Structure formats: structure tokens, C-alpha cells
S.K.: 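Shown below is the structure under consideration.
Since the structure is predicted, the reported quantities are computational estimates derived from the model, not experimental observations.
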Amino acid sequence: MKGNFKADALIFDVDGVLLDVRESFPEVIKRAVMKGWEKYCGGAADCGGYDADMERVLKRHGAFNDDYDIAWTLLCVAAASGEKLLSRALPRAWKLAAEIADYKDPLGEWVAIKYGEAAPRREIRKLCSELYGTKGKGLHLLETPMLNRHWRELGAPAAIYSGRDTLEWELAKESLGWEDFPDELVIKSDSGITKPSPLGLEILCRRLGASSPVFFGDTASDMQAAEAFGRGRFAAIGTMLPEAEFRYDTTEEAVADALSDSFD
């Protein structure tokens, strides 16, 4: 990120950027699909219910940033197949990509019209939340920081644009040791603003007085939000977005690059 660009703010997604969630949210989806299949769809959960290939398809599609809705969507898609064995009902990754190719907002309406609602959305989301856990218990305890610095030590003003709700953000703050992070510099899903909308970036930049932020994300919805915002730079973390202009293996590397004026 070099040349004439100089970052005046660092805006972070949380999952896959500030926290390594590979042992938490994918497992939440997997368990919720298996339990939901038996409880609500009357089927036999004879397979894991979610895998890395499915995740790559869904996370490269801007509409599936919410992991709890991924579980619900997969259950509805599987139930529409008429199969009772989960292994036969769930589409393979290539078929899943074809299924979501005609997606149109909003998610709930699209799923209901195309697949029906064999599984109750509210109950599946509640199940996912229970699996993810609360303070001191649940799968969130398996998450680890990807940035080992306090937010005050980053070298530039920081903000958060996340798909997490308030409870999940509170757990993330504890994992990061960022309990004192200012609430006014966090946009969460229960604010009513969700990615890929650029509105979260617009609000945070206004509050920070920033015009050239670097937004650090790891999925298509993050990149789409940055593109729609149209200012600053987007730094892709991990392997999900190989087409991104600026891509990094680690968040530490990306932050160091952003602060060294090495974006071009």
C-alpha cells in the first residue's frame, strides 16, 4: 500500500481477521445442521453436515456472512430434496454454488420461496447461539487472537465492522483483551447494518474523521462492502479471496504493511 496512499484509520472485521474462528463457527454450523436435521426435519444425521468446500462456496458469496443463517439455509435446502439421510440431502459444494447463483435479497424470503421453511429460522439461530456459548462455556472458547496487540498500540485509530451481534462482540473483546474498546466505534449486526452494505464503513469513518481507511476482511461480503464504499484500501486476510489486490496470510502482516505506507 505505497505511493500516495496513507492510511488514517484501521477498520477490522472480527472473524478470520482479529480472531481465528476455524474451531468455533464452522463447528457451530456443523452441529446445528446435524441436530436440526433430526429434530425439525425428521431425518438421520449420518454425515458431518458442513465442510470446508461448502464454506468456501458460501463465504465467497456476499449474502452468506451470517453463520447462523448458513445453518438454517442448509437445512432448508436439504429438506427440499425429500431425502431422509443428511448425506444424500445436502448438496455437494459444486451443486450448492449452482443453487445460490440466483440468490436475491432478502435471505429469508429467497429461502422460503425456493426451498420452503422445514426448519424454523428462529429456533435454528437459537440453537447456534447456544452452541457458540456464553462467557466461560461454548465453542467460542476455542478462538484465538490473530493480532497480538492492544487496539491502542496499533499506531492508527481503529474501528470494527463485524457481522457479530452484541453478545458475540462482548465475547470477542474478552478473547482479544480489548474490553475497553469504544462502543461508538463498533458496527454490529444487531445495529441493523450488515455487510455487504458500505454504510458501516461510512459511519465509522465519519466518527473517526477518516477518509483513507484500510478495511481488513476475509470474505466476499467484506470485499463488496469496501468496493461499494469506494475509498481507502481493502486488505484480504487468508486464502478465501485470492483475487484481492492486497492479500495477506496474516493480520499482523497486513497491519504492518498498512502502517508502513507500502500499499501501492
S.K.: Give every donor-acceptor pair under 3.5 Å between a side-chain atom in residues 209-220 and any protein atom, sequence neighbours left out.
M.R.:
| unit_1 | atom_1 | unit_2 | atom_2 | d |
| --- | --- | --- | --- | --- |
| Ser211 | OG | Asp8 | OD2 | 3.4 |
| Thr219 | OG1 | Ser221 | OG | 3.2 |
| Thr219 | OG1 | Asp222 | OD2 | 3.2 |

S.K.: Give the cluster check for Val21 versus Tyr50: same hydrophobic cluster or not, with ILVMFWY residues linked at side-chain heavy-atom distances below 4.5 Å.
M.R.: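 No: no chain of side-chain contacts under 4.5 Å links Val21 to Tyr50.
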S.K.: In terms of side-chain geometry, is the basic nitrogen of Lys114 or Asp102 positioned less than 4.0 Å from the acidic oxygen of its partner?
M.R.: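 Salt bridge flag = yes for Asp102 with Lys114.
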S.K.: Is there a donor-acceptor contact under 3.5 Å from the side chain of Trp151 to the main chain of Gly177?
M.R.: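 Such a contact is absent between Trp151 side chain and Gly177 backbone.
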S.K.: Let's go through Arg121 and Leu107 carefully: what are the C-alpha distance in whole Å and the side-chain angles of both, what is the deciding distance for side-chain contact (heavy atoms from CB on, under 4.5 Å) to 0.1 Å, and is it a yes or a no?
M.R.: CA-CA 11 Å; Arg121 188 179 188 183; Leu107 177 68; 4.0 Å; yes
S.K.: Salt bridge or not between Arg233 and Glu245? Use side-chain N to carboxylate O under 4.0 Å.
M.R.: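 No, Arg233 and Glu245 are not salt-bridged.
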S.K.: If you draw a 6.0 Å radius around NZ in Lys39, do more than 12 non-hydrogen atoms from other residues or ligands fall strictly inside?
M.R.: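 No, the 6.0 Å shell around NZ holds no more than 12 heavy atoms from other groups.
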S.K.: Please report the shortest heavy-atom distance between Leu259 and Leu154, naming the atom on each side.
M.R.: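 Smallest heavy-atom distance, with atoms named: CD1-O, 2.7 Å.
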S.K.: Can you list every pair that meets ring-ring contact (aromatic ring centres under 6.0 Å, His included) and has a residue in residues 69-125, with sequence neighbours left out?
M.R.: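 Non-adjacent pairs meeting ring-ring contact (aromatic ring centres under 6.0 Å, His included): His61-Tyr103, Phe64-Tyr103, Tyr103-Trp110, Trp110-Tyr115.
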S.K.: Measure the spacing between CG of Asp190 and CH2 of Trp169 and express it to the nearest 0.5 Å.
M.R.: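 Between atom CG of Asp190 and atom CH2 of Trp169 there are 12.5 Å.
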S.K.: Asp67 pairs by salt bridge (Lys or Arg N to Asp or Glu O under 4.0 Å) with which of Arg31, Arg125, Lys59?
M.R.: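 By the salt bridge (Lys or Arg N to Asp or Glu O under 4.0 Å) criterion, Asp67 pairs with just one of Arg31, Arg125, Lys59: Lys59.
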S.K.: How many angstroms lie between CG in Leu241 and CD in Gln224, if you round to the nearest 0.5 Å?
M.R.: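 It is 9.5 Å, given to the nearest 0.5 Å.
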S.K.: Could you tell me whether the side chain of Lys30 reaches within less than 4.5 Å of the side chain of Met34, counting heavy atoms only?
M.R.: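 Yes, their side chains come closer than 4.5 Å.
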S.K.: Using 0.5 Å steps for rounding, measure from the OG1 atom of Thr134 to the CG atom of Leu171.
M.R.: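 Result: 7.5 Å between the selected atoms.
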S.K.: Step by step, work out the side-chain contact (heavy atoms from CB on, under 4.5 Å) result for Asp180 and Arg152.
M.R.: CA-CA 10 Å; Asp180 58 344; Arg152 294 184 185 276; 3.5 Å; yes
S.K.: For the residue pair Tyr132 and Phe25, is the inter-centroid distance of their aromatic rings smaller than 6.0 Å?
M.R.: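 Ring-ring flag for Tyr132/Phe25: true, centres closer than 6.0 Å.
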S.K.: Decide yes or no on side-chain contact (heavy atoms from CB on, under 4.5 Å) for Ile203 and Ile187, but give the supporting numbers first.
M.R.: CA-CA 8 Å; Ile203 292 171; Ile187 301 294; 4.1 Å; yes
S.K.: Just do the side-chain contact (heavy atoms from CB on, under 4.5 Å) check on Arg207 and Leu185 with the steps written out, would you?
M.R.: CA-CA 7 Å; Arg207 291 175 180 174; Leu185 295 180; 4.2 Å; yes
S.K.: Given side chains that start at C-beta, do those of Val255 and Leu147 come closer than 4.5 Å, heavy atoms only?
M.R.: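 Counting from C-beta outward, Val255 and Leu147 do come under 4.5 Å.
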S.K.: Might you point out which heavy atoms bring Ala71 and Cys128 nearest each other, and give the distance in Å?
M.R.: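 Minimum heavy-atom separation between Ala71 and Cys128: CB-SG, 3.8 Å.
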S.K.: Answer yes when Glu243 and Arg60 have at least one side-chain N-carboxylate O distance shorter than 4.0 Å, and no when they do not.
M.R.: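 Between Arg60 and Glu243 there is a salt bridge, with a charged N closer than 4.0 Å to a carboxylate O.
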S.K.: In terms of heavy-atom contacts, does CD of Glu23 have more than 12 from other residues, nucleotides or ligands at under 6.0 Å?
M.R.: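 No - once you tally the heavy atoms of other residues, nucleotides and ligands closer than 6.0 Å, there are 12 at most.
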S.K.: Using a strict threshold of under 4.0 Å (side-chain N to carboxylate O), is an ion pair present between Asp13 and Lys195?
M.R.: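 Asp13 and Lys195: salt-bridged.
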S.K.: Would you mind listing every salt bridge (charged side-chain N to carboxylate O under 4.0 Å, His left out) that reaches into residues 132-145, with sequence neighbours excluded?
M.R.: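 Every salt bridge (charged side-chain N to carboxylate O under 4.0 Å, His left out) pair that includes a residue of residues 132-145, provided the two are not neighbours, is Glu143-Arg164.
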